[in-house]
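Letters A, B, ... mirror the listed sequences (proteins, then strands); counts begin at 1.
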Amino acid sequence: MKTTEASKGTITVTLPDGSEREYPPGTTGYDIAASIGKKLARDALAIKLNGSVRDLRAPLDESGPIQILTFADPEGREVFWHSSAHVMAQAVTELVPGTKLAIGPPIEEGFYYDFDPPKPFTPEDLEKFEERMSEIIAEDAPFKRNECDLDVARQIFGERGEQYKLELLDKFEEEGEQISYYTSSRFLDLCRGPHIPSTGKIKAFKLLNIAGAYWRDAEGNPQLQRIYGVAYPDKKLLSDFMHRREEAERRDHRRLGKQLKLFSIDENSGAGLVLWHPRGAFIRRRIEDYWYKRHEESGYELVYSPHIARLGLWEQSGHTGFYAENMYPPFEVENNPHQLKPMNCPFHILIYQSDLRSYRDLPMRWAELGTVYRYERGGVLHGLFRVRGFTQDDAHIFCRRDQVEEEIVTVLDFSLSMYTAFGFPDVRICLSTRPEKAIGEPADWEMAENALRHALEQGNHTYDVDEGGGAFYGPKIDLHVRDAIGRSWQCGTIQFDFNLPERFDLSYIGSDGQKHRPVMVHRALLGSLERFFGILLEHHAGTFPVWLAPEQAIILSVTEKVEDYAYALADELKSSDVRVNVDARPEKIGLKIREAEMQKIPYMLIVGDRESQDHTVSVRAHGRRDLGTMSVDEFAARIRAENRPGVDGTSISADAEGT
RNA sequence: GCCCAUGUAGCUCAGGAGGUAGAGCACAUCCUUGGUAAGGAUGAGGUCACCGGUUCAAAUCCGGUCGUGGGCUCCA
């Protein structure tokens, strides 16, 4: 495939559309882009030839498939952001002499660079860095590639006192990599490249925040100052990004949780421990009720287990070994050490062991909303998303080997239908296979991985594979839901476990009268109720669908004269199972509407003289203004229709207020 | 845990280079009976997170503790 064809006097490149073109050797990516079109030449950032990404200005000497990379390509964006990191590093080193450079890669959205400055950066520094970056971009300085040998590189970076770069060079020596550095404007950096043609391609950028980060991610190493930024070839893209950020901030579950009186976390009870207020608790219970109902319908049996257990149980399960970091210290109960539970599985195993099991009994599917406590370091706690006490929607399936595949198929379908019910139809599936350090027989791993794969294929699901990403005790499938603004959240997980059945010596009696080891599968759909509630809250931007809303409608009386009608109406709607309250305060209707809108109550029923006389309601939906007048029965029917999982009548429309 | 930032009324925040604090919203009372996102007046409300130090004097300066926020995964 890879041929040097200088002898032929031409190189042949294949464009993504399959067409072939010939160019003289030494032609650059830019030349090719220009020969295709003006716009492409202007947008081109780099070129991919034979699978390797190169500078646009690099002379090409091979034939093969090419792709002109622009900002529209993931690889083009990587190059763009990497170059942006260089521009930032130049600004920083020029403004803060003595700053040492570490690394500066592109990330999912944007880039960062790690610095070791004489003293930590302040938020005000960022503005100065941005100004200098604008100057560097105005220069439109070209990025130039230079290749050299190790000694030259060591001399260059040694003279500059770039200790981190010297460390990197040691690593590259081991790996035998070609050493290269790039220059642009007055800046020089050790860099594999490639880069965009010149700094002027960066039309809009923003430095976002400063963070501490360890050199090479190791806690013992010096802590560096990391600056995160984003950059784009178009101002519009930056403003889109800033809008997405604002939107995410507007939906922040911590903020909405306070505003809508759903939950709190009080330092008097402790960091990472959630207090559910009545409205939040109401929604949680709706979720739980639905969860129980679906599990009972789907062949699960419900179990309950205690919050503490004797330490020996956790020793037998192995948690005191491999999970010690996340467990609270044990405590004495009548001279017996006990342990707060970080997981539910050992209890379910004890239930399994409480009786002799026959192959006819399997599969056994035991589900529990089990509250567990895990020690998380203070710095990682985050609202409801990372807490110390939470309720897992846990279940364990004990089955025979010949049942595994069908069980997985069923769990997968069950999971997806639950997500749809909660308004998440878009789910990403990821299969994680055997890691290097793993226990269990290779044959078991193969069986389990095949079962997972077959289940995915049988259901016609597309999925990603994370080779070696499984737990040490078994392979797994992770399920990630996509929310209303495109963010992905891992919720579900389906995990094989070869460890616990061995450790507890689980068995069932087969048709041959012999003992056999059952297969154990852990699975969670929502993950934790706390976290899932947070995700749901952000997904709906606080406007819960009617079936979950603690208050589905509020009756707003225009004057005190219609107070009696308002209460009678409330009774009538309540008897149709509508969750409704009355706001009969002697306040103006505008104020009542404003407050109900801010509480994101799905429906507001405005009643005055007219409605009172006609036995109607004037309906206003959250974020959708006045929907007009309808009869009480009509409204009740509307609520009934929307009061079902999966129906999202209110938040489908734009949630337009700017509170 | 580590780096940086931060903690002032129920909430959102001003202020404070050392002399015991302020706004808006919310709350209470009164006036207003008003038709689709804020009617008006009056009032109450704070050991300025906690503990210690310096000082005649600390909310302010120093140290510690706790909490909160952004990070500490995506490898020139």
Hey, does A:Glu109 reach any base, or is it just sugar-phosphate, or nothing, if we go heavy atoms under 4.0 Å?
nothing
So, does A:Arg377 get its side chain near the phosphate of B:G71, meaning an N or O under 4.0 Å from OP1 or OP2?
no
Using atom types as modelled and distance alone, determine if a side-chain donor or acceptor of A:Ser612 lies under 3.5 Å from a backbone N or O of A:Gly608.
no
Span that lies between the C1' atom of B:G39 and that of B:A21, in whole angstrom
31 Å
Starting the side chain at C-beta, find the nucleotide from B:C72, B:A37, B:U68 nearest to A:Arg226.
B:C72
Quick one: look up who B:C61 pairs with, Watson-Crick or G-U, both distances under 3.5 Å, and put none if it's unpaired.
B:G53
Take atom P in B:G46 and the same atom in B:A38, then report the distance between them in whole Å.
32 Å
Write down the partner of B:C72 under the Watson-Crick or G-U wobble criteria, each distance required to be under 3.5 Å.
B:G1
Just to be sure I understand the rule, does A:Ala213 reach a base, reach only the sugar-phosphate, or reach nothing, if contact means heavy atoms closer than 4.0 Å?
sugar-phosphate
Got A:Phe71 and A:Leu237 here, is their nearest side-chain heavy-atom distance under 4.5 Å?
yes
Salt bridge (Lys or Arg N to Asp or Glu O under 4.0 Å) between A:Glu247 and A:Arg250: does it pass, once the steps are laid out?
CA-CA 5 Å; A:Glu247 181 60 22; A:Arg250 195 175 76 77; 3.3 Å; yes
Whole angstroms only, please: what is the CD-C1' distance between A:Glu147 and B:A76?
14 Å
Checking all strands, does A:Asp626 fall into the base, sugar-phosphate, or nothing category for heavy-atom contacts under 4.0 angstrom?
base
Keeping A:His253 on the side-chain end and A:Leu384 on the backbone end, is there a donor-acceptor pair under 3.5 Å?
yes
Applying the 3.5 Å cut-off to both distances, the Watson-Crick or G-U partner of B:C48 turns out to be none
Can you classify the ring geometry of A:Phe115 versus A:Phe121 as parallel (below 30°), tilted (30 to 60°) or perpendicular (above 60°)?
perpendicular
Between B:C3, B:U33, B:G70, which one does the side chain of A:Arg254 approach most closely?
B:G70
Give the rounded distance in Å between these two atoms: CD of A:Gln490 and C1' of B:U73.
14 Å
Checking all strands, does A:Glu249 fall into the base, sugar-phosphate, or nothing category for heavy-atom contacts under 4.0 angstrom?
nothing
If the cut-off is 4.0 Å, is A:Tyr112 near the phosphate of B:C74, judged by side-chain N/O to OP1 or OP2?
yes
Would you classify A:Asp266 as touching base, sugar-phosphate or nothing, given that sugar-phosphate means primed atoms plus P, OP1 and OP2, and contacts are heavy atoms under 4.0 Å?
nothing
With a non-hydrogen cut-off below 4.0 angstrom, is A:Leu591 in contact with a base, only sugar-phosphate, or nothing?
sugar-phosphate
Check whether any side-chain nitrogen or oxygen of A:Arg192 sits under 4.0 Å from OP1 or OP2 of B:C75, and answer yes or no.
no
Below the 4.0 Å mark, does B:G35 have OP1 or OP2 next to a side-chain nitrogen or oxygen of A:Arg610?
no
Please classify the nucleic acid contact of A:Arg620 as base, sugar-phosphate, or nothing, using heavy-atom distances under 4.0 Å.
base
Given B:A37, B:G70, B:C2, which nucleotide is nearest the side-chain atoms of A:Tyr214?
B:C2
Base partner of B:G35, which must satisfy Watson-Crick or wobble distances under 3.5 Å:
none
Quantified in whole Å, what is the C1' atom distance between nucleotide B:A17 and nucleotide B:U12?
27 Å
Of the listed nucleotides B:G1, B:G35, B:C3, the one nearest the side chain of A:Glu611
B:G35
Within the structure shown, what part of the strands sits under 4.0 Å from A:Ile103 by heavy-atom distance: base, sugar-phosphate, or nothing?
sugar-phosphate
Quickly, which of A:Arg255, A:Arg487, A:Arg254 forms a salt bridge (Lys or Arg N to Asp or Glu O under 4.0 Å) with A:Glu538? Name it, please.
A:Arg487
Got a donor-acceptor pair under 3.5 Å from the side chain of A:Gln225 to the base of B:G71?
no
Out of B:G35, B:G71, B:G70, which nucleotide sits closest to the side chain of A:Val558?
B:G35
Provide the distance between the two C1' atoms, one in B:A59 and one in B:G16, to the nearest whole Å.
8 Å
Gap between atoms CZ and P, on A:Arg388 and B:G1 respectively (whole Å)
8 Å
C1' spacing across the pair B:U8 / B:C13, given as an integer number of angstrom:
9 Å
Presence of A:Lys258 side-chain N/O under 4.0 Å of B:U12 phosphate oxygens OP1/OP2:
yes
Identify whether any heavy atom of A:Ile606 sits under 4.0 Å from a base atom; if not, whether one sits that close to sugar-phosphate; answer base, sugar-phosphate or nothing.
base
With respect to the side chain of A:Gln223, which nucleotide from B:C3, B:C72, B:A76 is positioned closest?
B:C3
Under a 3.5 Å threshold, yes or no: a donor from one side chain and an acceptor from the other, between A:Glu376 and A:His382?
no
Between C1' on B:C75 and NE2 on A:His82, what's the gap in Å once rounded to a whole number?
11 Å
Answer for the Watson-Crick or wobble partner of B:C27, both distances under 3.5 Å, is B:G43
So, is A:His195 near the phosphate of B:A76, with a side-chain N or O under 4.0 Å from OP1 or OP2?
no
Rounded distance in Å between the C1' positions of B:A58 and B:G19:
10 Å
So, is A:Tyr228 close to the B:C72 phosphate, meaning a side-chain N or O under 4.0 Å from OP1 or OP2?
yes
Nearest listed nucleotide, side chain of A:Ile179, among B:A37, B:A76, B:C72
B:A76
Any-strand Watson-Crick or G-U partner of B:G67, both distances under 3.5 Å
B:U6
May I ask you to verify whether the side chain of A:Glu267 and the base of B:A49 hold a donor-acceptor pair under 3.5 Å?
no
Among B:G35, B:G67, B:G39, which is the nearest nucleotide to the side chain of A:Lys588?
B:G39
Report the nucleotide, chosen from B:G71, B:A38, B:C2, that has the shortest atom-to-atom distance to any side-chain atom of A:Arg594.
B:A38
With heavy atoms under 4.0 Å as the rule, sort A:Gly590 into base, sugar-phosphate or nothing.
sugar-phosphate
Rounded to whole Å, the CG-P distance (A:Leu126 to B:G71) equals 14 Å
Would you kindly give the CD-to-C1' distance between A:Gln259 and B:C11, to the nearest whole Å?
10 Å
For a salt bridge (Lys or Arg N to Asp or Glu O under 4.0 Å) check, start with the C-alpha distance between A:Lys48 and A:Asp73, then their side-chain angles and the critical distance, and finish with the verdict.
CA-CA 11 Å; A:Lys48 188 168 166 185; A:Asp73 305 296; over 6 Å; no
Compute the centroid of each ring, for A:Phe263 and then for A:His277, and state whether the two points are separated by less than 6.0 Å.
no
Can you check the distance between B:G45 and B:C4, where both ends of the measurement are the C1' atom (answer in whole Å)?
35 Å
When we call it a touch if two heavy atoms are under 4.0 Å apart, what does A:Pro586 touch: a base, just sugar-phosphate, or nothing?
base
Tell me whether A:Glu173 is salt-bridged to A:Arg154, with the criterion being a basic N under 4.0 Å from an acidic carboxylate O.
yes
Closest of B:A76, B:U68, B:G34 to the A:Leu190 side chain is B:A76
Integer angstrom distance from the C1' of B:U55 to that of B:C61
10 Å
5'-most contact on RNA chain B: A:Lys171 or A:Phe121, nearest heavy atom basis?
A:Phe121
